[in-house]
Amino acid sequence: MDVLKASPTIVYSPYIPTTTRNKSQFSKPIFHNLNLQLPCFTRNGSKSRLFTTLSSSPISTTESIEPPMPEVEAEVGKERFDWYSQWYPVMPVCDLDKRVPHGKKVLGLDLVVWWDKNENEWKVFDDTCPHRLAPLSEGRIDQWGRLQCVYHGWCFGGNGDCKIIPQAPVDGPPVHTFKKACVAVYPSVVQHDIVWVWPDADPQYKDIITKKKPPYIPVLDDPSFSKLMGNRDIPYGYEVLVENLMDPAHVPYAHYGLMRTRTPTVKVDREGGRPLDMKVKKLDINGFLGKQDWGSSNFIAPCIFHAFADVEVDQENGSATSSEIVKAPPPNRRLSLIFMCVPVSPGNSRLIWTFPRNFGVWIDKIVPRWIFHIGQNLILDSDLYLLHVEERKIMEIGATNWQKACFVPTKSDALVVGFRRWFNKYAGGEIDWKGKYSGALPPSPPREQLMDRYWSHVVNCKSCNTAHKGLKALEVILQIMSVGLIGIVAVTKQNMISMVVKTTMVSMAIVCFAASKWLAHFIYKNFHYHDYNHAF
């Protein structure tokens with residue numbers, strides 16, 4: 001497990017770990033202060049620009065407090081962000097089963113993702129059968145590779161055309177060829193091993209991929225980098241998810257005891273919070289660039305928050321050093337943090353994450369992905385309830401009044417303020433749901449349901465789902481062994497086996513029973529529900 005703790009892929013949060021540890025804590029320092037390089041990405045850019053620097057002086061008990069304000073602002077046209085003219089990540093390919101259709105929601109649209117073996121590619125359809133509006137995601141893929149609605153057996157090809165209506169007479173009119181018998185097809189593409197969708201099924205966008213592609217991040221196509229992915233459905237909205245990922249200042253507090261953070265020179269509390277020098281250097285309709293004391297980051301509207309870092313590795317012991325900031329880290333040691341935030345519906349979002357790096361790649365090849373996801377889910381759970389409640393308070397005051405209601409006086413809030421400025425300036429402080437929702441948030445479920453891992457992650461993750469089934473089977477086997485051993489001892493005549501054998505069998509039965517109980521607790525805590533009590 002020491003190897004796992006030292007692995008950068010077990011950075012269970014959106015932030016670069018920059019811990020300074022003394023030798024009494026770790027025999028080998030785990031992380032060194034990281035410097036970010038300017039991130040690499042390409043996208044069709046906008047001609048309008050807004051140059052801003054959101055900053056303020058670090059506060060103390062004797063200093064005056066002023067909110068971060070833009071220092072320089074250029075003229076900006078009255079542009080409006082079009083939510084339906086963007087590519088959205090749906091799911092990592094590694095978590096999609098080619099044998100079954102998958103129901104997903106993006107921007108309030110009900111989608112079905114399925115593998116078309118005839119065209120050898122993933123397809124994204126409207127999750128509605130044109131017959132009686134049954135969900136196609138509850139159907140199956142038949143032996144001819146067609147998507148079948150299991151309500152009445154209608155089958156559809158990769159172009160959305162209806163192939164057969166079983167109830168239609170063979171010698172009758174070909175009603176399956178009628179336009180109303182077709183399913184709406186959304187443009188889709190696989191990039192970076194992720195299925196992306198264009199949320200407009202109008203035929204004019206059929207070849208949109210030739211005109212506009214999803215944001216391209218070169219590191220995700222670099223074979224020298226590891227890039228384990230994860231996904232989870234989040235019970236709070238897109239805008240709260242994005243701003244939380246941009247906020248490293250909450251890490252020592254909301255994730256106390258779960259993450260490594262840099263120890264400040266002067267420690268003012270148990271957690272070790274410290275001033276952070278953060279700025280927004282450019283903001284326009286396509287997002288903005290951020291600058292932190294540990295490097296740089298991008299917000300690529302609407303979905304991607306992307307940060308780059310370089311790590312200097314101690315050549316003598318193979319671990320990252322933690323003594324001082326290196327001004328010129330070796331260019332061959334690189335770490336990247338990539339988060340894709342998908343708007344699902346009011347009060348719901350989806351997070352896809354990956355932490356590519358070009359060192360320690362061997363760890364990902366021998367350690368199963370679900371091991372990493374246990375810790376990453378705990379990080380998500382530790383502030384989940386806080387953000388769920390926070391979103392409801394923001395809804396009460398109105399998203400456009402966010403900066404009036406929230407007191408954000410320090411530099412550590414610069415990226416959050418930058419995102420809210422982008423959201424209000426270009427999106428009007430709201431997501432365009434095309435009138436599908438009233439804007440009200442869904443009722444808050446009980447805490448155990450709110451923080452449920454099984455339905456929000458395990459069933460959607462191939463690795464965790466497989467591990468869950470395997471561990472449940474092992475639990476049952478241990479229980480059967482425990483009962484069987486006791487049964488053998490009970491029915492065996494006294495003179496047939498010695499007392500030593502009986503004692504051994506009873507002891508094994510007790511061990512199996514205890515192991516099954518421990519395993520049941522482990523499964524529940526890591527695959528179903530793990531509360532996080534900040535008071536303790």
Side-chain angles (χ1 to χ4, degrees), residues 12-15 104-108 230-259 302-303 305 339-353 373-403 405-408 413 415-416 419-420 423 429-431 433 437-461 524-536:
Y12 307 123
S13 94
Y15 312 105
K104 298 296 171 186
K105 189 186 289 285
V106 174
L107 270 183
N231 75 87
R232 182 163 173 177
D233 292 335
I234 307 294
Y236 50 81
Y238 153 87
E239 57 270 38
V240 176
L241 174 61
V242 174
E243 69 178 28
N244 184 56
L245 296 172
M246 295 179 176
D247 173 27
H250 81 282
V251 171
Y253 301 93
H255 306 309
Y256 178 73
L258 301 177
M259 287 189 58
C303 295
F305 181 62
F339 298 88
M340 301 182 182
C341 308
V342 184
V344 173
S345 62
N348 293 283
S349 56
R350 183 177 305 113
L351 175 63
I352 299 172
W353 69 85
H373 288 179
I374 287 176
Q376 291 162 350
N377 276 303
L378 183 57
I379 287 291
L380 292 172
D381 285 339
S382 59
D383 61 6
L384 189 150
Y385 184 77
L386 303 176
L387 298 169
H388 179 81
V389 174
E390 174 188 307
E391 180 178 34
R392 276 146 177 77
K393 294 183 181 295
I394 294 174
M395 180 63 70
E396 290 175 2
I397 64 172
T400 55
N401 296 320
W402 180 90
Q403 194 161 352
C406 297
F407 184 48
V408 285
D413 292 312
L415 296 189
V416 175
F419 170 73
R420 284 290 174 175
F423 193 56
E430 62 182 3
I431 297 171
W433 301 111
Y437 301 102
S438 64
L441 297 174
S444 293
R447 191 181 182 97
E448 187 169 352
Q449 182 180 340
L450 181 71
M451 301 175 69
D452 167 75
R453 288 188 191 179
Y454 184 76
W455 293 107
S456 64
H457 172 74
V458 175
V459 297
N460 297 316
C461 173
Y524 181 75
K525 195 172 184 179
N526 291 291
F527 293 91
H528 290 272
Y529 172 66
H530 188 161
D531 199 1
Y532 189 93
N533 191 328
H534 290 271
F536 297 102

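Only a predicted model underlies this, so the values are computations on that prediction, with no experimental measurement involved.
Partners of H528 according to the side chain to side chain donor-acceptor pair (under 3.5 Å) rule, which considers only residues two or more places apart in sequence or in another chain, are H468. In this view, W455 satisfies the ring pair (Phe, Tyr, Trp, His ring centres under 6.0 Å) rule with no residue, not counting sequence neighbours. Listed by chain and number, the residues in a side chain to side chain contact (heavy atoms under 4.5 Å, CB included) with V242 are Y238, M246, F299, C341, F419 (sequence neighbours excluded). With sequence neighbours excluded, no residue satisfies salt bridge (charged side-chain N to carboxylate O under 4.0 Å, His left out) with D452. Applying the side chain to side chain donor-acceptor pair (under 3.5 Å) test to W402 and every residue at least two apart in sequence or in another chain returns nothing. Considering only residues two or more places apart in sequence or on other chains, Y524 meets the side chain to side chain donor-acceptor pair (under 3.5 Å) condition with E448. For D233, the side chain to side chain contact (heavy atoms under 4.5 Å, CB included) partners two or more places apart in sequence, or in a different chain, are R350, S456, N460. R447 pairs by the salt bridge (charged side-chain N to carboxylate O under 4.0 Å, His left out) definition with D531, not counting sequence neighbours. For Y385, there are no side chain to side chain donor-acceptor pair (under 3.5 Å) partners, not counting sequence neighbours. Under the side chain to side chain contact (heavy atoms under 4.5 Å, CB included) criterion, Q449 pairs with P445, P446, sequence neighbours left out. Residues satisfying the salt bridge (charged side-chain N to carboxylate O under 4.0 Å, His left out) test with K105, not counting sequence neighbours, are D110.
Counting only residues at least two apart or on different chains, no salt bridge (charged side-chain N to carboxylate O under 4.0 Å, His left out) pair has a member in residues 384-401.
Distance alone, capped at 3.5 Å, is enough to place a donor-acceptor pair between the N377 side chain and the H373 backbone.
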